[in-house]
**Student:** 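First the structure, then my questions, so here it is.
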Amino acid sequence: MGLGKKKGGRKEPLFGLPAALADLRLTAADRIPGGEDKPKKSAKSPAKRKSDDAGDEPPREKAQPSRSGAKRRSRSRIGAGLGRLVYWGAVLSLWGVIAVIGVVIYVGAHLPPIQSLEIPKRPPTIQIVGIDGSMLAQRGEMAGANVPLKDLPPYLPKAFIAIEDRRFYSHFGIDPVGILRALVTNVMHRGVSQGGSTLTQQLAKNLFLTQERTMQRKLQEAELAIWLERKHSKNEILELYLNRVYFGSGAYGVEAAAQKYFGKSARNVTVAEAAMLAGLVKSPSRLAPNRNPEGAEARAQIVLAAMADAKFITDAQAQASIGHPSYNVKPAGAGTVNYVADWIGEVLDDLVGQIDESIKVETTIDPKLQSVAEAAIIDELAAKSVKFNVSQGALVAMTPDGAVRAMVGGRNYSESQYNRAVTAKRQPGSSFKPFVYLTALEQGLTPDTMRQDAPIEVKGWKPENYTHEYFGAVTLTQALAMSLNTVAIRLGLEVGPKNVVRTAHRLGISSKLEANASIALGTSEVSVVELVGAYAPFANGGLAVAPHVVTRIRTLSGKLLYMRQPDERNQVIDPRYVGMMNTMMRETLISGTAKKAEIPGWPAAGKTGTSQDYRDAWFIGYTANLVTGVWLGNDDNSPTRKATGGGLPVEVWSRFMRTAHEGVPVAALPNSQATWGLSNLAQAASQVSPPTAPASAPANNGGYRPPPPTRANVRPEAAAGLDGWLMDRLFGGNR
């Protein structure tokens with residue numbers, strides 16, 4: 001403490017108690033609340049205030065009542081905060097309860113009435129059988145028979161409980177413990193790695209709900225699970241689940257799955273097989289053992305470990321099953337018969353309408369011929385698809401009355417379900433020309449009518465022959481056999497494109513055809529099945545056919561739902577012209593573009609086709625027994641590497657038809673001995689000396705043969721081009 005001067009006078013030093021209190025000052029916080037609001041009684045002089053201050057108690061003792069008030073106020077504020085917390089907690093809890101009730105009511109309002117909920121019937125199964133009664137395919141939900149729980153080996157249902165719902169017998173339809181465990185696991189793995197659905201919830205979803213992943217569906221699933229638990233016992237729920245759950249590859253229920261994958265009843269599966277079935281439920285399509293045997297086995301090992309952990313089997317049983325899997329899955333083939341099944345599915349509604357029970361569809365398919373057709377397409381593409389840049393093929397074989405015996409819609413159904421035999425439409429190229437030539441015959445021309453093979457221009461369009469050669473005057477038979485484009489164009493313009501279109505539609509083409517000059521070269525797109533059907537009248541004597549595959553439909557109990565009635569025998573080609581066309585198209589196989597086509601001992605006819613830029617390669621050929629068409633190309637319509645109708649399609653056709661005609665009595669093509677043929681043959685004989693038929697010529701080879709070209713029609717070079725070559729074929733080199 002020092003001495004100092006102050007303006008206005010000298011300040012004397014203080015000692016003792018006054019010195020100790022000299023610097024002490026009261027603040028507003030030390031004052032008693034409300035004290036400042038009291039009116040002052042009287043003003044005191046500075047000396048009096050100083051005297052009073054000196055005589056009072058120390059200020060520290062006066063501050064004690066103020067600190068007690070602060071503590072009381074603090075306690076008051078804490079109490080008020082707790083009160084508010086309790087209040088708002090109660091309010092929020094009430095609103096939460098109201099919200100939950102509202103959600104339950106909303107979800108329940110979108111469910112069917114509980115009183116009307118019943119376990120739905122098993123969805124109908126469509127069994128498709130061949131002409132011999134053997135099973136070809138199944139459609140719909142392919143469910144096996146219901147198997148009672150008591151008939152199953154005890155470890156089979158326990159396998160599902162171990163891996164899907166360990167607390168099945170202790171929860172009420174929803175498992176809060178399981179949900180919490182799944183939630184924790186998913187948080188730890190930062191993703192959805194485990195589900196919390198019970199078996200009852202899964203059953204509710206399978207029976208009543210869709211597979212969509214939405215919160216509303218999950219809530220509906222929970223409500224229905226609780227309802228199922230109240231209505232059915234645990235064993236009833238487990239039995240329903242095992243007989244309804246999906247196991248992949250179209251199999252629903254343990255019986256169908258056991259038959260599908262192991263070739264045995266679910267009553268006889270082993271522990272390893274039971275574990276594999278239980279493991280499929282997680283991802284049926286991905287883990288199906290016929291598609292992913294390694295994945296199915298790995299999942300089965302997880303199930304076996306879970307069964308051992310739950311004490312359903314011993315560790316020794318688990319290890320024995322893991323080390324020695326006992327399942328045996330048959331290898332899956334291309335399954336091209338499924339193209340037939342898909343086609344049947346498309347027409348089924350028109351035949352019997354909506355079905356509500358399982359049915360059996362009897363078809364015209366010959367399983368043996370179906371296998372041969374499948375092998376012919378697959379093997380040919382496997383050997384030559386890269387060389388010719390051809391990725392796909394299709395084949396349709398039918399009897400002359402339209403009954404489809406075999407159909408291949410692609411090289412592998414599992415890779416592509418697009419049916420190239422029925423759905424796809426492609427340019428037929430020269431395989432459309434028979435409709436042009438038939439129209440010409442119906443307008444008075446004959447197979448030996450001459451027409452010029454020479455360059456032609458139609459409004460700036462200049463079509464050319466495949467070889468870029470021209471042979472002058474040729475017969476219609478020669479022109480069709482060698483597929484000369486200029487002659488086809490001339491004929492089409494001569495008879496009229498509209499008449500050509502009418503002829504094609506009359507014979508069975510249903511696609512839209514453009515009536516222009518290029519129609520003669522097959523520029524309008526058609527499907528394989530309709531083109532083959534349109535060739536059938538040539539093989540049956542001129543009668544219209546409707547390609548068909550279904551003959552009869554029955555329920556599994558035997559009730560007849562549909563039976564195909566015989567077609568009306570409408571004559572769409574005069575028998576005379578049938579004979580002419582058969583003779584002309586026989587020449588295609590003898591000396592024309594399909595020389596590689598051969599069925600030993602059988603008279604056959606047909607026509608090749610190659611569309612622009614080699615995009616499509618066709619051959620439609622027939623006997624009196626079978627009409628078969630083959631198409632090869634690419635789905636994206638990209639060009640092939642010069643694949644022609646006389647190449648790959650003829651090879652596929654020949655392989656199939658040789659097998660299809662084994663053991664079948666030989667029959668001639670219709671009207672092969674027509675009177676017009678005999679008269680024309682006599683006319684040809686009067687022009688040249690009758691040659692001796694070569695020893696290799698087949699007997700009863702179809703009546704009329706085209707006359708040899710005259711010298712005016714023969715090119716001067718050696719071999720004389722087409723005419724001379726054709727004469728060599730017909731008369732053994734005798735000119």
Side-chain angles (χ1 to χ4, degrees), residues 339 373 376-378 380-381 384-397 407-411 416 418-436 463-467 480 482-485 488-489 492 500 504 508-514 516 518-535 585 588 592-594 596-597 606-622 627-654 656:
Y339 292 112
I377 288 287
I378 293 174
E380 190 72 17
L381 289 176
K384 300 179 180 179
S385 62
V386 175
K387 177 181 177 181
F388 290 97
N389 188 34
V390 176
S391 61
Q392 283 295 347
L395 182 150
V396 174
M407 172 183 286
V408 177
R411 68 189 300 177
S416 172
Y418 183 59
N419 193 334
R420 296 154 190 85
V422 175
T423 306
K425 293 189 176 183
R426 306 296 293 250
Q427 290 185 353
S430 295
S431 61
F432 189 83
K433 288 178 181 176
F435 307 119
V436 180
E464 296 180 325
N465 292 332
Y466 167 70
T467 61
L480 182 59
M482 298 306 297
S483 198
L484 301 179
N485 290 338
I489 292 294
V500 173
I509 298 295
S510 57
S511 297
K512 180 181 179 181
L513 303 175
E514 298 294 337
N516 51 35
S518 68
I519 189 65
L521 302 185
T523 53
S524 291
E525 297 176 338
V526 298
S527 68
V528 179
V529 70
E530 65 179 319
L531 187 57
V532 174
Y535 269 65
M585 285 195 281
T588 302
T593 56
K596 295 179 181 179
K607 185 69 189 75
T608 59
T610 308
S611 67
Q612 188 176 13
D613 297 328
Y614 304 96
R615 298 177 189 277
D616 306 276
W618 298 74
F619 181 59
I620 316 295
Y622 57 93
V627 187
T628 300
V630 178
W631 167 87
L632 295 171
N634 297 310
D635 287 339
D636 60 2
N637 207 32
S638 60
T640 66
R641 292 193 184 100
K642 296 189 176 181
T644 64
L648 302 184
V650 165
E651 294 174 13
V652 173
W653 184 90
S654 296
F656 171 78

**Student:** Can you sort out the partners of E530 under salt bridge (Lys or Arg N to Asp or Glu O under 4.0 Å), two or more places apart, ordered by chain and number?
**Tutor:**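 Expected list: none.
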**Student:** Between W653 and A597, what is the shortest heavy-atom contact and its length?
**Tutor:**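 That closest heavy-atom pairing would be CZ3-CB, 3.7 Å.
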**Student:** Is there a salt bridge (Lys or Arg N to Asp or Glu O under 4.0 Å) between E651 and K384? Walk through the geometry before answering.
**Tutor:** CA-CA 11 Å; E651 294 174 13; K384 300 179 180 179; 2.7 Å; yes
**Student:** Going by distance alone, is a donor N or O of one side chain under 3.5 Å from an acceptor N or O of the other, for T610 and K642?
**Tutor:**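 There is no such pair (donor and acceptor under 3.5 Å, judged by atom type) between the side chains of T610 and K642.
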**Student:** Could you list the residues that satisfy side chain to side chain donor-acceptor pair (under 3.5 Å) with R426, not counting sequence neighbours?
**Tutor:**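 Expected list: D616, N637.
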**Student:** Who passes side chain to side chain donor-acceptor pair (under 3.5 Å) against E464, sequence neighbours left out?
**Tutor:**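 By the side chain to side chain donor-acceptor pair (under 3.5 Å) rule, E464 matches H468.
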**Student:** Taking atom types as modelled, is there a side-chain donor on S524 or K512 under 3.5 Å from an acceptor on the other?
**Tutor:**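 No donor-acceptor contact under 3.5 Å links the two side chains.
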**Student:** With side chain to side chain contact (heavy atoms under 4.5 Å, CB included) as the test, pick out the partner of W618 among V630, T608, L531.
**Tutor:**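 The residue from V630, T608, L531 that satisfies side chain to side chain contact (heavy atoms under 4.5 Å, CB included) with W618 turns out to be L531.
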**Student:** Go through the side-chain N and O atoms of S654 and K596 and say whether any donor and acceptor fall under 3.5 Å apart.
**Tutor:**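 Looking only at side-chain atoms, K596 and S654 do not form any donor-acceptor pair under 3.5 Å.
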**Student:** Determine the sole option in R411, R420, R615 for which the salt bridge (Lys or Arg N to Asp or Glu O under 4.0 Å) test with D635 is passed.
**Tutor:**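 Exactly one candidate clears the test, R420.
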**Student:** Would you please say whether a donor-acceptor pair under 3.5 Å links the side chains of N465 and T467?
**Tutor:**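 No, T467 and N465 have no side-chain donor paired with an acceptor closer than 3.5 Å.
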**Student:** Which residue, L513, I620, L521, forms the side chain to side chain contact (heavy atoms under 4.5 Å, CB included) with F432?
**Tutor:**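 Result for side chain to side chain contact (heavy atoms under 4.5 Å, CB included) with F432: L513.
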**Student:** Consider side chain to side chain contact (heavy atoms under 4.5 Å, CB included). Of L395, V390, T640, T644, which one does L632 pass it with?
**Tutor:**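 The residue from L395, V390, T640, T644 that satisfies side chain to side chain contact (heavy atoms under 4.5 Å, CB included) with L632 turns out to be V390.
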**Student:** Assess the side chains of N419 and T423: does a donor N or O sit below 3.5 Å from an acceptor N or O?
**Tutor:**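 Per modelled atom types, N419 and T423 side chains form no pair under 3.5 Å.
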